[in-house]
Amino acid sequence: MAIETASVETTLAALRDRLHGVVPEFELTIKAELAFEINRLKRERGAVILGHNYMEPALFHSVCDHVGDSLELSRVAATTEAEILIFCGVRFMAETAKILSPERTVLLPAKVAGCSLAESITAEDVRELKRRYPGVPVIAYINTYADVKAEVDVCCTSGNARQVVESFGDQTVIFLPDEYLAANVARETGKEIIFPTLGPKPAGEPANSLKHEMIGWGGRCEVHEKFTVEDIADVRRQFPDVVILTHPECSPAVVEASDFSGSTAAMSRHVREVDAPRYLLLTECSMGANIAAEAPEKEMLGLCSVRCPHMNEITLDLALASLQETRYVIEVPEEIRARARGSIDRMLEIR
Ligand code: 13P
Ligand code: SF4
């Protein structure tokens, strides 16, 4: 939660309190000044900051009014009354906030802050899939851009993907764009999945065959695809009592070899609720540091240093510039926004 204090000195003291042992002192000194100025300006301008769980520790613990996973932050964006929303996350997340709160000014501190999953599929790709599989409902992971969301029936996040797929009962569904998330959900729900865009079609199968229960796409998260089953075996050899948590954007083999898999918020809850000698998170590495700051009694193994280059673009300097210069404003054309809103609303209705 944001640090609400009257001076740079008291901001620094509060940051030290929260991040001692996680962030070096020289970094805290520089960042306290930026954090103080951001929090002051935020109040003056009637802004709120939403921060994804992957934000770097000093930003995450000093200026964010709401933190969470994609689902939690979407819910906040849908209900907030603040005039300005600064999204400390990546572009598709800021776009989702704009889709849900069109009357607010939504700012993304970095100009690009993309995502390899969002970039893996276009609206035309979705239209082509719909031509190939007419009448088959389409589910899009929230890690997609607005024009893709506008083409689909419903969205999902890693926090509710299973429930969204199950809401279609026995129907075959198209699930895009994350190959691994789709395969993990298929495994969890006992469904058979094919990837018509990866490799040749199975012999003798007509292009529009509906015998499969899930039809996937070949997108991948450039961060989570890096983790391997060998990484897990190595860590278990050294620390047999470690609890290993994975994000469902990891490969099915990696998820299966772990002890728990869930959204960033679910992983965070699991570490807090489960009593274990030590934990390893196979996900973007800032998250482990953020949990270590909140729960210093928990031993977090820091064996990975895989940082999402897109999340990494969001810094305190840029968050301050964003507030000072009202940049970068997220816009979504109304015709696309309205249709994308339908897909997100249908997701938010599924509990
Ligand atoms: P969560 O919705 O679990 O926070 O994940 C977002 C994301 O981009 C993971 O890489
Ligand atoms: Fe996209 Fe992966 Fe970065 Fe998440 S961690 S924003 S899925 S590239």
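Counting starts at 1 for both ligands and their atoms, in listed order.
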Checking only N/O/S atoms, does Cys115 have one that is under 2.8 Å from atom 1 (Fe) of ligand 2? yes
Contact atoms of ligand 2, heavy-atom distance to Asn143 under 4.0 Å: 7 (S)
Arg307 and Ser286: CA distance, side-chain angles, deciding distance, side chain to side chain donor-acceptor pair (under 3.5 Å) verdict: CA-CA 7 Å; Arg307 186 87 175 97; Ser286 287; 3.1 Å; yes
So which protein heavy atom does atom 5 (O) of ligand 1 come closest to, and at what separation? His247 NE2, 3.3 Å
Sub-3.5 Å donor-acceptor pair from the side chain of Thr80 to the main-chain atoms of Ala77, do we have one? no
Distance filter under 4.0 Å to Ser116 heavy atoms, resulting ligand 2 atoms: 8 (S)
Going through the checks in order, is the side chain to side chain donor-acceptor pair (under 3.5 Å) test met by Glu72 and His66? CA-CA 9 Å; Glu72 292 170 336; His66 303 274; over 6 Å; no
Atom 10 (O) of ligand 1 [closest protein heavy-atom partner, distance rounded to 0.1 Å]: Glu249 OE1, 2.8 Å
Kindly indicate whether the side chain of Val154, heavy atoms from C-beta on, has any atom under 4.5 Å from the side chain of Pro137. no
His52, any N or O under 3.5 Å of ligand 1 N or O: yes
Is there a side chain to side chain donor-acceptor pair (under 3.5 Å) between Thr10 and Thr5 once you walk through the steps? CA-CA 6 Å; Thr10 47; Thr5 61; 3.3 Å; yes
In terms of residue, atom name and distance, what is the protein heavy atom nearest to atom 2 (O) of ligand 1? Ser70 OG, 2.7 Å
Take Ser62 and Arg18, measure what side chain to side chain donor-acceptor pair (under 3.5 Å) needs, and give me the verdict at the end. CA-CA 9 Å; Ser62 65; Arg18 292 182 186 186; over 6 Å; no
Counting heavy atoms under 4.0 Å, the part of Glu249 that contacts ligand 2 is side chain
Logged contact type for Thr264 with ligand 1, heavy-atom cut-off 4.0 Å, is both
For ligand 2, which part of Cys308 has a heavy atom less than 4.0 Å away: the side chain, the backbone, both, or neither? side chain
Please tell me if the side chains of Arg132 and Pro196 come closer than 4.5 Å, counting only heavy atoms from C-beta onward. yes
Under 4.0 Å from a heavy atom of Leu117: give me the atoms of ligand 2 that qualify, with their elements. 7 (S)
Against heavy atoms of Asn143, which atoms of ligand 1 measure under 4.0 Å? 7 (C), 8 (O)
Looking at Cys221, Ser70, Ser158, the heavy atom closest to atom 5 (S) of ligand 2 belongs to Cys221
